[in-house]
Engineer: 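Below: one structure in structure tokens.
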There are 6 protein chains.
Amino acid sequence: MTTLQPTAAPLRPFLDWPIVTDPAQWQADVALLGSLHGEPYAHDQRPNDQARAPEAIRWHSKRFCYETGHYDFDTGGELRATLPPRCLDLGNVGWTAGDYGAHASQVSARVRHLWSQGAQVVVLGGDHGVTIPILDALDAVGEPVHVLQVDSHLDWREEVGGIRRGYSSPLRWASTLPAVAGMTQLGLRGIGSARRGEVEAARGWGSHLVTAEAFHAGGAEPVLATIPDGRAVYLTIDADGLDPTEMPGVMAPTPGGPRFQQLAPLLRAVARRHRIVGMDLVEVAPSFDASNGLTCVVAGRLILNVLAASWGEGGAFRRARG
Amino acid sequence: MTTLQPTAAPLRPFLDWPIVTDPAQWQADVALLGSLHGEPYAHDQRPNDQARAPEAIRWHSKRFCYETGHYDFDTGGELRATLPPRCLDLGNVGWTAGDYGAHASQVSARVRHLWSQGAQVVVLGGDHGVTIPILDALDAVGEPVHVLQVDSHLDWREEVGGIRRGYSSPLRWASTLPAVAGMTQLGLRGIGSARRGEVEAARGWGSHLVTAEAFHAGGAEPVLATIPDGRAVYLTIDADGLDPTEMPGVMAPTPGGPRFQQLAPLLRAVARRHRIVGMDLVEVAPSFDASNGLTCVVAGRLILNVLAASWGEGGAFRRARG
Amino acid sequence: MTTLQPTAAPLRPFLDWPIVTDPAQWQADVALLGSLHGEPYAHDQRPNDQARAPEAIRWHSKRFCYETGHYDFDTGGELRATLPPRCLDLGNVGWTAGDYGAHASQVSARVRHLWSQGAQVVVLGGDHGVTIPILDALDAVGEPVHVLQVDSHLDWREEVGGIRRGYSSPLRWASTLPAVAGMTQLGLRGIGSARRGEVEAARGWGSHLVTAEAFHAGGAEPVLATIPDGRAVYLTIDADGLDPTEMPGVMAPTPGGPRFQQLAPLLRAVARRHRIVGMDLVEVAPSFDASNGLTCVVAGRLILNVLAASWGEGGAFRRARG
Amino acid sequence: MTTLQPTAAPLRPFLDWPIVTDPAQWQADVALLGSLHGEPYAHDQRPNDQARAPEAIRWHSKRFCYETGHYDFDTGGELRATLPPRCLDLGNVGWTAGDYGAHASQVSARVRHLWSQGAQVVVLGGDHGVTIPILDALDAVGEPVHVLQVDSHLDWREEVGGIRRGYSSPLRWASTLPAVAGMTQLGLRGIGSARRGEVEAARGWGSHLVTAEAFHAGGAEPVLATIPDGRAVYLTIDADGLDPTEMPGVMAPTPGGPRFQQLAPLLRAVARRHRIVGMDLVEVAPSFDASNGLTCVVAGRLILNVLAASWGEGGAFRRARG
Amino acid sequence: MTTLQPTAAPLRPFLDWPIVTDPAQWQADVALLGSLHGEPYAHDQRPNDQARAPEAIRWHSKRFCYETGHYDFDTGGELRATLPPRCLDLGNVGWTAGDYGAHASQVSARVRHLWSQGAQVVVLGGDHGVTIPILDALDAVGEPVHVLQVDSHLDWREEVGGIRRGYSSPLRWASTLPAVAGMTQLGLRGIGSARRGEVEAARGWGSHLVTAEAFHAGGAEPVLATIPDGRAVYLTIDADGLDPTEMPGVMAPTPGGPRFQQLAPLLRAVARRHRIVGMDLVEVAPSFDASNGLTCVVAGRLILNVLAASWGEGGAFRRARG
Amino acid sequence: MTTLQPTAAPLRPFLDWPIVTDPAQWQADVALLGSLHGEPYAHDQRPNDQARAPEAIRWHSKRFCYETGHYDFDTGGELRATLPPRCLDLGNVGWTAGDYGAHASQVSARVRHLWSQGAQVVVLGGDHGVTIPILDALDAVGEPVHVLQVDSHLDWREEVGGIRRGYSSPLRWASTLPAVAGMTQLGLRGIGSARRGEVEAARGWGSHLVTAEAFHAGGAEPVLATIPDGRAVYLTIDADGLDPTEMPGVMAPTPGGPRFQQLAPLLRAVARRHRIVGMDLVEVAPSFDASNGLTCVVAGRLILNVLAASWGEGGAFRRARG
């Protein structure tokens with residue numbers, strides 16, 4: 001097995017969690033990790049602005065969670081009392097020297113290590129390529145997993161310029177993994193890297209494509225219905241999936257996206273019905289955020305809604321832990 | 001009775017109303033007053049950024065009401081023709097030398113004076129602490145009053161650091177006043193200063209807590225149903241109660257809030273059914289507003305909707321005045 | 001007939017369309033034209049900030065349409081395959097020396113020329129006065145036309161300071177044209193230049209006034225029902241008609257407007273049922289746009305939704321062309 | 001004699017000075033006063049953005065003077081120990097109802113009252129028109145006064161549109177007053193409202209015109225040499241007189257201006273040689289300031305340099321007071 | 001001879017000059033022309049942000065020259081009276097279809113046409129590549145020309161990626177032209193595209209390299225001394241040559257540059273001693289300008305200083321015209 | 001001896017230097033290190049905005065050094081050829097668990113380790129408290145060291161609130177160290193935390209205080225004269241020491257500071273005459289930087305000037321290494 005190197009400590013932890021950078025000491029119920037780099041399409045795409053997001057989101061912790069002991073009206077309780085005892089900020093995985101394969105192996109090994117402990121894993125990206133080595137570790141979950149994506153884009157390119165693990169490919173990559181049993185893609189709209197062939201490939205594979213307009217019209221239930229009962233879920237949120245009035249700090253603002261008020265209850269419902277074994281929040285570009293940090297505040301609030309619903313009254317993780 | 005000192009004239013009046021700073025000359029149907037300071041939690045919290053809001057909101061008058069003689073599609077008429085003859089801008093209450101109690105007494109006496117004339121009172125804050133001395137004057141209304149709050153926070157702290165009249169306490173304070181017969185709190189979400197104990201205290205007292213999500217799901221009618229027929233209403237709007245995409249100029253932007261398009265018709269419905277004897281709009285922080293002044297524009301538009309519905313066809317104030 | 005002078009080439013074309021500035025070579029199925037100047041109310045209102053919008057919107061083409069050969073989830077296909085072969089960017093009509101009448105005649109003649117070829121015409125303004133010389137060319141359509149406006153304002157002033165073709169008058173002007181058979185005005189709210197008399201005149205003429213609130217409450221169908229079956233449509237979108245959180249770059253931000261997620265499907269439905277012979281998008285003020293160019297992105301996306309629905313499966317233009 | 005009405009208290013005092021708004025209690029050694037309005041050239045020029053400057057400059061007090069008891073390296077001492085005991089912030093003179101003449105009389109009377117007490121008067125504008133009623137009170141100084149101006153503009157218009165006391169005229173106005181014995185105008189550059197006739201009039205009267213370039217080339221001594229020995233001085237600083245990299249918050253940024261590092265020692269030299277009986281700092285436009293408030297910081301620092309040099313070791317006021 | 005196509009009219013003219021877009025009507029004493037595109041190093045570098053600068057600089061005309069009939073203190077007179085009768089804004093040269101060579105030929109032909117009339121030519125870029133086709137027309141001046149450059153960079157690359165006429169090469173290109181008799185390069189500092197080989201080539205050719213530091217230390221005279229008596233001058237100003245506090249709107253801000261207060265008198269001295277037959281001002285990137293437009297204001301003021309000194313008392317053009 | 005833990009790798013290295021985070025592999029000629037935290041005065045002052053500066057300055061490497069192989073006009077050569085072979089970016093020292101003393105010991109041990117190798121050490125802060133544990137390692141230099149500070153503040157507080165190693169104390173702390181043989185403090189102006197007692201203590205100790213004004217008047221030589229011949233130098237640059245037009249991203253902008261054009265040649269002269277064994281650049285607050293990153297660009301350029309002069313022709317380090 002790969003020997004895991006220590007991660008880099010952030011300036012501030014996420015919320016008030018302990019920072020633990022030595023993988024030998026990772027014993028977590030909930031583990032948050034910054035992952036800065038996907039596989040770049042070109043040499044000068046690393047680091048990109050999104051690599052600054054893990055620091056930025058943590059920096060605004062006080063703005064999206066003033067105090068974990070106070071009452072959270074989104075979730076109906078105190079976060080500190082709801083969450084399990086071992087919530088850790090594991091710092092940031094930097095760049096592992098060598099080719100991208102070596103780097104990706106390190107990330108996968110870290111996440112596999114956490115999943116083999118039964119931890120719920122939260123990853124802050126980075127661009128959407130960071131999702132791929134996480135998905136590679138899904139086998140460690142030990143049961144089939146449904147991937148739920150929030151994104152304006154399809155991300156089903158088989159390759160771009162010969163690169164197969166870049167930010168345009170995570171859902172295509174997911175479709176090739178034995179551990180991935182199904183897929184729901186929510187928030188599609190506008191034009192990205194997908195061509196007709198990719199749309200047909202996704203549909204042909206069986207991915208449930210839910211456009212932003214369909215979600216505005218049909219609400220949460222049709223989305224929930226795409227996930228089989230009892231199935232574990234991996235959640236990947238691309239910041240440009242949300243409406244750009246709420247998450248302006250992205251590279252590709254596209255109007256008409258789902259809003260926090262729609263997504264927060266949907267994600268809580270998923271977290272009560274299904275064990276969300278892991279999630280990532282990617283593609284926040286801090287240089288383009290509003291001056292009040294709204295993109296980071298919304299990012300943090302989305303994560304808190306998932307965590308609190310997973311571990312609170314009726315939450316799937318709470319049930320699973322007994 | 002306390003002798004009332006003149007107030008400070010603003011740079012511009014609210015709309016095109018006469019500025020009258022001498023309390024001896026206050027004979028108003030509708031009276032607008034700036035109140036800059038709540039009781040600070042620490043010495044250096046006075047003045048705070050919110051103290052600049054009364055000037056900022058008036059400064060943008062032309063942007064939220066181009067001309068009072070023109071037709072307003074929000075309310076279906078000309079504001080100038082709808083409102084009663086004596087609409088006055090009474091200027092800003094500054095700081096009264098001495099302890100905060102002396103200052104609060106001055107504010108209360110001013111508002112009591114206006115209410116004893118039967119005026120509808122509009123106060124521009126300041127932080128949410130400015131609501132407290134206004135509520136202290138509610139006895140002058142001469143009938144029970146229901147408090148309707150729009151806010152992301154509960155504001156039910158009994159004290160913070162020994163201070164009982166600060167911005168975390170106005171609704172708790174209200175609950176202790178004989179004139180306050182009931183309470184509806186709309187827009188709750190995220191985490192503020194409230195702990196479980198405060199939530200239980202509010203519910204125990206009988207306050208109707210309506211989260212932002214419940215409002216998004218249920219709409220206006222359940223909110224309206226919490227206010228008894230014929231009951232006078234005092235309305236307090238914390239700018240962070242609205243969605244931060246519409247009111248970015250606040251200290252605590254929290255996603256998922258009610259929007260103007262939901263609140264304007266709700267508040268007009270309240271103003272037709274109930275005499276809104278007074279209202280305040282607090283916690284606008286002008287230093288953080290968008291460069292197009294959107295926070296101030298929304299603030300002004302909310303106030304105009306309340307005023308026009310109060311005094312227009314079917315408005316409760318119009319009915320009351322015969 | 002007026003001899004048409006060449007237009008000015010923009011820095012970039014709209015999308016990847018050929019730029020053709022010589023009117024002698026205009027043979028278009030879809031023709032996009034920048035029109036910079038309405039009739040100003042005062043000498044120093046020309047040029048105004050809105051005159052910069054045609055360049056600004058084109059400049060952001062890549063942000064609202066990354067690549068015309070890719071799949072567009074708003075419209076369910078590839079724009080390049082959906083649109084007819086001859087889509088041209090005709091550049092910008094500058095100022096024609098002489099009085100405004102001479103200038104307006106040039107604009108009308110250009111648009112009449114395009115309509116007599118059967119082209120679908122898209123005009124980027126400029127202030128809302130630019131709509132008037134376009135409407136003057138409607139006779140070239142050869143059938144009655146319904147005008148559909150998206151705007152917060154009524155724009156029914158007969159004159160302002162003696163000027164009859166300024167930005168407060170386009171819908172009044174429309175009402176006097178034989179080619180205009182009906183009118184729907186969507187998004188009305190707040191206060192603009194309209195007085196009660198103008199509202200009554202509009203209603204008296206038979207214009208269907210749909211406030212923003214009515215649209216939020218009633219949705220698209222009541223709006224669609226105002227347009228007679230089979231009737232050709234001219235669409236005029238004032239950027240301040242949309243919600244100012246989505247189009248901040250306007251002179252008069254007014255809260256409570258319709259959003260892209262509501263307008264895009266409505267406009268696509270119109271484009272399937274009716275031949276939208278022309279459209280304009282006016283009153284974008286680039287100096288006040290958000291730093292991520294959101295106003296221009298939304299403007300571009302609205303236009304693409306109209307074009308793709310007009311020419312795609314079930315589109316009225318496609319039907320008409322057989 | 002005119003009865004003086006109370007002024008409006010600011011949100012914060014200048015530095016840590018007591019706020020005294022009742023003219024009956026004005027007993028000052030140094031008196032700071034906000035004056036918001038000059039005579040406007042048109043109705044809608046009141047209030048203008050500059051009317052917000054007195055609040056803005058005071059708001060940044062901590063940034064230009066962290067603590068008056070600490071050591072100031074600009075002036076070589078502690079401000080608190082250097083200044084005389086009675087330094088007062090007299091608040092803001094608002095608008096006096098009636099015509100501008102009535103208003104100007106009030107301002108003049110207030111300043112005359114202070115000068116007859118021997119106070120050093122500091123006025124925060126407002127546009128440059130606010131200087132005129134101050135100059136009208138110069139007779140109360142009781143000796144001839146030299147006017148020293150820092151400005152990019154000449155301000156010698158006899159009238160503009162019939163208005164003789166507007167912001168283009170203060171130095172012309174000064175030239176007509178018996179109390180004004182001489183004049184030095186520093187920082188001239190670029191183009192303003194002055195025509196050749198005004199330049200010749202100024203020179204003809206005997207005003208010493210020192211362009212910014214002459215000052216860059218020749219330094220402080222030639223400027224100092226224009227002021228007769230022992231002559232009292234009135235100093236008027238237009239913010240656009242300084243380089244726009246240092247004072248960006250102005251209506252007319254003009255490159256090539258004198259910088260703080262040149263002006264501060266010059267003004268201190270003046271204050272040691274001559275009794276600066278009064279000064280104003282006008283034309284700061286807070287809406288256009290840098291986000292770090294640099295314009296206000298520089299404004300405050302300029303004032304502090306004048307005050308400390310006037311009252312410190314070798315200062316003319318200190319000498320005069322014995 | 002190449003037939004010259006009409007140019008594109010700008011939204012506003014430079015100053016109040018007539019706009020003449022038809023080359024057949026170009027009879028100018030001073031001619032201003034916008035040139036948008038140099039030869040790009042890669043396909044997607046056209047258009048670049050600098051292509052927006054000619055519109056941006058003209059847009060701010062009122063800010064750098066309030067009124068041409070007023071007195072300009074930089075130059076000691078009224079611009080309108082100083083300049084010759086035929087000052088024209090010739091609009092913008094857009095992109096000429098075909099390869100860059102065809103485009104460059106058009107630009108050269110236009111400028112040659114103007115120089116053969118004896119006009120003083122002012123070109124607004126565009127990136128620094130726009131200088132090259134202008135230099136190619138220098139033969140039309142009919143006498144040897146000295147090139148004076150203000151720039152932080154050397155611009156002596158023989159080619160970059162095979163492109164020889166890009167923005168890194170204008171001074172190298174100049175060195176190959178028979179009409180160029182000498183060269184002075186002022187403001188060099190920091191690191192650009194130049195390598196030791198280019199520095200040596202420039203020195204070897206005889207170019208006078210004056211670093212920014214040398215200019216700060218030595219002033220204007222050593223620079224003036226590099227230009228032979230009586231020699232005509234072509235002036236090329238790269239905006240990043242100036243200090244980035246004065247011209248922030250550039251792609252490569254480099255501290256330590258010469259300031260307006262140093263350059264304006266230097267350029268006026270050149271214009272009095274030498275006929276500046278042409279000048280360009282390039283590399284302004286409007287998207288990065290300060291919100292008060294300072295970069296454009298400084299650009300405009302530099303141009304005005306050159307023009308006024310050329311045609312005013314003692315100016316070389318005035319002398320030459322007799 | 002303390003065992004040194006690995007540092008955190010930054011997103012990007014400084015320039016193109018190798019990142020080496022394992023102290024066991026530190027064999028450097030020039031070593032750059034980020035140090036994030038000084039001793040905070042209060043619990044919530046860690047981390048502060050300045051802790052983000054090391055990432056921000058590296059992020060802008062391309063903007064202050066486009067390519068190390070190109071010619072640098074500030075220093076007259078190619079940086080890559082000038083610098084010694086082993087230039088390393090050692091990453092960031094994070095927070096060492098335990099009290100601040102434990103953390104400071106780690107920092108001191110790291111720097112001592114580098115100095116015992118004879119490396120030139122560059123530290124990016126952090127607030128000015130980060131200087132203290134660096135100074136504690138000065139004994140490892142093995143000879144007396146002169147401290148040269150660029151700062152607007154004196155930083156001679158013995159303690160603030162009981163804290164002796166905070167950002168107000170580094171120069172006082174230096175005065176207590178045997179290795180510190182002298183001190184020059186350049187750029188003093190305005191008001192900071194110093195009181196008269198601290199000024200007298202500094203002078204009493206023998207520190208050479210050079211105000212910004214004295215430097216503007218007297219230039220570099222008097223500063224150079226304060227450093228004894230042959231004496232090693234430690235350089236500490238507080239970003240607020242420079243003029244705030246050049247380094248706007250600071251907590252305390254104070255006008256009148258020295259500029260890059262003055263400091264760069266001064267620091268190069270120091271580096272030629274004296275071995276600058278170490279330097280730090282502290283107090284950059286990235287949240288307040290200009291949008292073009294000017295503060296970071298100036299920071300980078302200052303460092304490059306010191307390095308290139310140290311190791312280039314005539315540089316003291318080059319001489320020392322033979």
Engineer: So C:Arg301 and A:Ile191, side-chain contact (heavy atoms from CB on, under 4.5 Å) or not? Walk me through it.
Structural biologist: CA-CA 10 Å; C:Arg301 278 269 122 209; A:Ile191 289 179; 3.5 Å; yes

Engineer: At a heavy-atom distance under 4.5 Å, which candidate from A:Arg196, A:Arg189, A:Met251, A:Glu198 has the highest pair count against chain C?
Structural biologist: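 Among the listed options, the one with the most contacts to chain C is A:Arg196.
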
Engineer: Roughly how far, to the nearest 0.5 Å, is CZ of C:Phe73 from CD of A:Glu213?
Structural biologist: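 The distance works out to 12.5 Å.
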
Engineer: Should the pair C:Glu78-A:Arg195 be classified as a salt bridge under the 4.0 Å nitrogen-to-oxygen rule?
Structural biologist: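 So C:Glu78 does not pair with A:Arg195 through a salt bridge.
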
Engineer: For A:Asp243, is there an ion pair with C:Arg259 - N to carboxylate O distance below 4.0 angstrom?
Structural biologist: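 The answer is yes: the pair qualifies as a salt bridge.
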
Engineer: Chain A heavy atoms under 4.5 Å from C:Thr245: which part of the residue, side chain, backbone, both or neither?
Structural biologist: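 Both parts, heavy atoms under 4.5 Å.
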
Engineer: Locate the shortest heavy-atom distance separating C:Val297 from A:Pro255; write the atom from each residue and the value.
Structural biologist: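 Smallest interatomic distance, heavy atoms only, reads CG1-CD, 3.9 Å.
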
Engineer: Looking only at heavy atoms and a cut-off of under 4.5 Å, which of A:Val199, A:Thr211, A:Leu154 has the most pairs with chain C?
Structural biologist: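 When all of A:Val199, A:Thr211, A:Leu154 are compared, A:Val199 has the most.
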
Engineer: Among A:Pro248, A:Ala212, A:Ala194, which residue forms the greatest number of heavy-atom pairs with chain C at distances under 4.5 Å?
Structural biologist: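 Ranked by contacts with chain C, first place is A:Ala194.
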
Engineer: Is chain A contacted by the side chain of C:Phe260, its backbone, both, or neither, given a heavy-atom distance below 4.5 Å?
Structural biologist: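 The side chain, not the backbone.
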
Engineer: For the candidates A:Ala252, A:Ser193, A:Pro244, A:Ser152, which exhibits the highest count of non-hydrogen atom pairs separated by less than 4.5 Å from chain C?
Structural biologist: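 Highest number of heavy-atom pairs under 4.5 Å: A:Ser193.
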
Engineer: For residues A:Gly256 and C:Gln261, report the shortest heavy-atom separation together with the two atoms involved.
Structural biologist: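 Nearest pair, atom of A:Gly256 first, then C:Gln261: CA-CB, 4.2 Å.
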
Engineer: Check this for me: A:Tyr66, atom OH, are more than 12 non-hydrogen atoms of other residues, nucleotides or ligands nearer than 6.0 Å?
Structural biologist: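 No, OH of A:Tyr66 has 12 or fewer neighbouring heavy atoms, counting only those of other groups under 6.0 Å.
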
Engineer: Which of residues 302-317 of chain C get closer than 4.5 angstrom to chain A, counting heavy atoms alone?
Structural biologist: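 From residues 302-317 of chain C, none sit under 4.5 Å of chain A.
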
Engineer: For chain A, which of C:Asn292, C:Val298, C:Thr75, C:Leu263 has the most heavy-atom pairs under 4.5 Å?
Structural biologist: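 Highest number of pairs under 4.5 Å: C:Asn292.
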
